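Note that the structure is a prediction, hence the values are computed from the model and not measured. Keep in mind that the numbers below use all heavy atoms, side chains included, and drop hydrogens, waters and symmetry copies.
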Amino acid sequence: MRWVIWLLVLTGLWTLAHESRQVGEYKVVIGFLQNPAFAGFPNSVDLRVTRGDQPVEGLEKTLRVELIAPNGERMLLELSKAHGQPGHYRGWFIPGVPGNYQFRIFGKIGDLEVDETFARFYHSKQAVLDPKEYTLPKPASHGSSH
């Protein structure tokens, strides 16, 4: 019984860190693969697309994902299939600074033209955190002696 509770807790936490949206007849779920995300560390878009309860495959050929940084700078991600997970896609990058990022998906899902921007797919105070705030031991300040 305990493992069922843990599974429900973990599933709930995962869904909080992703944004889900109905786009036509498709359900699109998107977020960072690694949550929380930290500036300067490799990460990936984690994209899932289903039609009903069926995964949608082949989108690495018809759909594009653009990462939008806090300053508005944009980067097209190379979308690829997630190994052994039909309907799941990845696009690797390194977020350069802390702040709120967005994912824009555009192109085609089946015959449907899509152009959607997602901005609420994280559960922390911002999409990408400053790793210095979560580092221990803290770096020694200059001029102090211990």
Original post:
Side chain of Asn100, backbone of Gln126: donor and acceptor closer than 3.5 Å?
Top reply: no

**OP:** Quick one: list whatever passes side chain to side chain contact (heavy atoms under 4.5 Å, CB included) with Pro42, sequence neighbours left out.
**Re:** Ile94

Subject >> Polar side-chain atom of Tyr89 near backbone of Leu59 as donor-acceptor pair, under 3.5 Å >> reply: yes

Subject >> Selection residues 44-80 - residue pairs positive for ring pair (Phe, Tyr, Trp, His ring centres under 6.0 Å), sequence neighbours left out >> reply: none

**OP:** Check Tyr101 against Gly96 and note the closest heavy-atom contact, atom names and distance.
**Re:** OH-N, 3.4 Å

Using distance only, find each side-chain donor-acceptor pair of residues 129-138 under 3.5 Å and give its atom names and separation, not counting sequence neighbours.
residue	atom	partner	partner atom	Å
Asp130	OD1	Lys132	N	3.0
Glu133	OE1	Lys125	NZ	2.7
Thr135	OG1	Pro131	O	2.6
Lys138	NZ	Lys132	O	3.4
Lys138	NZ	Glu133	O	3.4
Lys138	NZ	Thr135	O	3.2

Original post:
Any link between Ile68 and Val45 through a network of hydrophobic side chains (Ile, Leu, Val, Met, Phe, Trp, Tyr) touching at under 4.5 Å?
Top reply: no

**OP:** Return the set of residues passing salt bridge (charged side-chain N to carboxylate O under 4.0 Å, His left out) with Arg51 (not counting sequence neighbours), or none when no residue passes.
**Re:** Glu25

Original post:
Do the side chains of Ser20 and Val29 get nearer than 4.5 Å, heavy atoms only?
Top reply: yes

**OP:** State the CD-CG distance between Glu60 and Leu47, to the nearest 0.5 angstrom.
**Re:** 11.0 Å

Original post:
Please, which pairs that meet salt bridge (charged side-chain N to carboxylate O under 4.0 Å, His left out) have at least one residue in residues 85-96, sequence neighbours excluded?
Top reply: Asp46-Arg90

Return a table of donor-acceptor pairs under 3.5 angstrom between the side chains of residues 105-114 and protein atoms on other chains or two or more places apart.
none

Original post:
Short question: side chain of Arg21, backbone of Thr117 - any donor-acceptor pair under 3.5 Å?
Top reply: yes

**OP:** Indicate the atoms forming the closest heavy-atom contact of Asn43 with Pro95, along with that distance.
**Re:** CB-CD, 4.4 Å

Subject >> Which residues share a ring pair (Phe, Tyr, Trp, His ring centres under 6.0 Å) with Phe93, sequence neighbours left out >> reply: Phe32

**OP:** Could I get the full list of side chain to side chain contact (heavy atoms under 4.5 Å, CB included) partners for Thr50, not counting sequence neighbours?
**Re:** Lys27

For residues 73-86, dump all side-chain donor-acceptor pairs below 3.5 Å to protein atoms at least two apart in sequence or in another chain.
residue	atom	partner	partner atom	Å
Arg74	NH1	Glu66	OE1	2.7
Gln85	OE1	His88	ND1	2.9

Original post:
Is there a chain of hydrophobic side chains (I, L, V, M, F, W, Y, each step under 4.5 Å between heavy atoms) that links Phe103 to Val23?
Top reply: yes

Subject >> Nearest heavy-atom neighbours spanning Pro98 and Pro70 >> reply: O-CG, 3.9 Å

**OP:** Sequence neighbours left out, what passes side-chain hydrogen bond (donor to acceptor under 3.5 Å, both in side chains) with Asp115? Give chain and number order.
**Re:** Arg104

